[in-house]
Peer 1: 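If you scroll down you'll find the structure; I have some questions about it.
If you read the sequence from its start, that first residue is 1, and numbering goes on from there. This one's a predicted model, so the numbers in the text were calculated from it and none came from an experiment.
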Amino acid sequence: MSSAPNVIWLGLTGSFAASLGTAAGALGIFAVRQLSPELKDTLLSAAAGIMLAATFFSLLLPALTFAEQQTGHPTYAVIIVIAGILSGAAALYFVHRRVPHEHFFAGRQGPDQRNLGRIWLFVLAITLHNFPEGMAVGVGFAGGDVANGLSLVLGIGMQNVPEGLAVAVSLLSVGYSRARSCTVGVLTGLVEPVGALFGGIAVSIAATLTPWTMGFAAGAMLFVISDEVIPETHRGSIPSLATFALLGGFAIMMFLDAAVG
Ligand SMILES: [Zn+2]
């Protein structure tokens with residue numbers, strides 16, 4: 001496939017651009033000292049809504065189109081994509097189970113050890129969930145579909161802003177310096193180009209597997225949204241606030257996909 005290196009290159013550049021959203025959010029720590037729990041939940045919920053719509057419109061729909069072109073049959077097409085979704089979710093489930101969350105700060109003593117552990121768990125969760133996001137951007141350019149990739153870059157980049165800020169604010173709140181909190185925030189975003197490289201290589205080497213690979217990225221995203229982001233953001237003091245923020249994010253991404261992709 002002659003366009004193969006091109007897809008990898010587009011995905012890498014695109015996901016790097018998207019990770020600038022994380023960096024912009026993390027830099028926000030120099031302007032904002034803290035976020036109220038309500039605002040944090042609202043922003044992260046909106047991020048989840050963007051992720052959710054990106055999963056459907058920029059990954060699953062194109063995956064179904066590709067699969068139908070390949071198989072010439074809507075039922076086979078849907079089975080291939082569902083197989084991808086389930087594999088992606090299963091992969092994330094095993095990664096989550098195996099990552100030694102609780103040993104992250106095992107050596108550390110002190111009264112706020114528990115809080116520290118919780119914050120680092122959150123940082124780790126954001127970092128982990130950036131991998132499928134990067135992969136989504138990487139596979140979004142499959143078949144040289146620049147418009148689809150671009151709407152993913154914009155959407156993922158946008159929802160990275162509150163995530164980067166949330167990481168930096170959390171670290172600042174447990175006593176890290178602004179510079180340190182910001183640096184860690186920026187670093188969590190740099191997982192995305194790694195994921196993009198992974199996804200880009202997968203769709204280039206095995207072009208016929210593209211619908212499955214896109215499904216895989218979608219399943220990994222859905223796992224993170226359902227397992228981490230929604231439960232974490234939907235137990236605040238104002239009922240339905242997070243739900244409407246999620247819907248708002250969903251609408252933004254849906255609009256982006258229609259306008260750009
Ligand atoms: Zn996200």
Side-chain angles (χ1 to χ4, degrees), residues 15 18 21-22 25 37 40-60 63 81-105 114-115 117-139 152 155-156 158-167 170 185 188-189 191-192 194-196 198-199 212-236 239-250 253:
S15 69
T22 314
K40 194 171 156 189
D41 285 350
T42 304
L43 291 175
L44 289 178
S45 264
I50 292 177
M51 290 168 70
L52 204 54
T55 300
F56 287 103
F57 298 105
S58 308
L59 290 173
L60 293 179
V81 177
I82 289 174
I85 294 176
L86 295 179
S87 326
L92 257 269
Y93 170 74
F94 286 115
V95 169
H96 263 228
R97 262 190 13 165
R98 278 168 180 274
V99 169
H101 298 88
E102 69 279 3
H103 306 312
F104 221 76
F105 253 72
R114 242 173 147 199
N115 209 18
R118 224 169 35 77
I119 298 294
W120 277 104
L121 195 73
F122 171 70
V123 173
L124 191 67
I126 293 281
T127 310
L128 264 184
H129 108 264
N130 279 340
F131 187 83
E133 285 181 7
M135 195 180 163
V137 172
V139 301
L152 268 165
I156 297 292
M158 240 164 77
Q159 60 88 49
N160 276 339
V161 177
E163 290 175 359
L165 180 62
V167 165
S170 303
T188 62
V191 174
E192 298 205 355
V194 181
F198 197 80
W212 183 88
T213 313
M214 288 180 118
F216 184 96
M221 295 251 282
L222 286 173
F223 179 88
V224 171
I225 295 165
S226 171
D227 200 63
E228 303 257 352
V229 193
I230 291 181
E232 283 297 322
T233 53
H234 281 62
R235 47 176 186 221
S240 307
L241 183 66
T243 299
F244 280 102
L246 187 145
L247 286 167
F250 194 98
M253 184 65 214

Peer 1: Could you give the distance from CZ (Phe122) to CG (Leu124), rounded to the nearest 0.5 Å?
Peer 2: 11.5 Å
Peer 1: Taking the side chain from Glu228 and the backbone from Ile225, do they hold a donor-acceptor pair closer than 3.5 Å?
Peer 2: no
Peer 1: Taking the side chain as C-beta and beyond, is there a heavy-atom pair between Met135 and Phe216 under 4.5 Å?
Peer 2: yes
Peer 1: Please set out all donor-acceptor pairs under 3.5 angstrom arising from side-chain atoms of residues 42-52, sequence neighbours excluded.
Peer 2:
residue: Thr42; atom: OG1; partner: Glu38; partner atom: O; Å: 2.6
residue: Ser45; atom: OG; partner: Asp41; partner atom: O; Å: 3.3
residue: Ser45; atom: OG; partner: Thr233; partner atom: OG1; Å: 3.2
residue: Ser45; atom: OG; partner: Ala242; partner atom: O; Å: 3.3

Peer 1: Would you name the heavy atoms of Met253 and Gly155 that are closest together and state the gap between them?
Peer 2: SD-CA, 3.6 Å
Peer 1: Just to verify, which of Asn130, Thr127, Thr188 counts as forming a side chain to side chain contact (heavy atoms under 4.5 Å, CB included) with Glu163?
Peer 2: Asn130
Peer 1: Under 30°, 30 to 60°, or over 60°: which ring-plane class applies to Phe250 and Phe57, parallel, tilted or perpendicular?
Peer 2: perpendicular
Peer 1: For the atom pair CD1 (Ile82) and OG (Ser87), what is the distance rounded to the nearest 0.5 Å?
Peer 2: 11.5 Å
Peer 1: Counting C-beta onward and ignoring hydrogens, is there a side-chain heavy-atom pair between Leu246 and Val229 closer than 4.5 Å?
Peer 2: no
Peer 1: Between Leu222, Leu128, Val224, which is the residue that forms a side chain to side chain contact (heavy atoms under 4.5 Å, CB included) with Leu92?
Peer 2: Val224
Peer 1: Going by side chain to side chain contact (heavy atoms under 4.5 Å, CB included), Val137 matches just one of Ser58, Pro132, Ser15. Which one?
Peer 2: Ser15
Peer 1: Would a distance-only check, ignoring hydrogens and angles, find a side-chain to backbone donor-acceptor pair under 3.5 Å from His129 to Ile126?
Peer 2: yes
Peer 1: Could you please spell out the steps behind the side chain to side chain contact (heavy atoms under 4.5 Å, CB included) verdict for Val167 and Thr22?
Peer 2: CA-CA 9 Å; Val167 165; Thr22 314; over 6 Å; no
Peer 1: For Gly215 and Leu60, work out which heavy atoms get closest and say how close.
Peer 2: CA-CD2, 4.3 Å
Peer 1: Over all heavy atoms of both residues, which pair between Thr55 and Ala218 is shortest? Give the atoms and the distance, please.
Peer 2: CG2-CB, 3.5 Å
Peer 1: For residues Ala18 and Ile156, report the shortest heavy-atom separation together with the two atoms involved.
Peer 2: CB-CG2, 4.2 Å
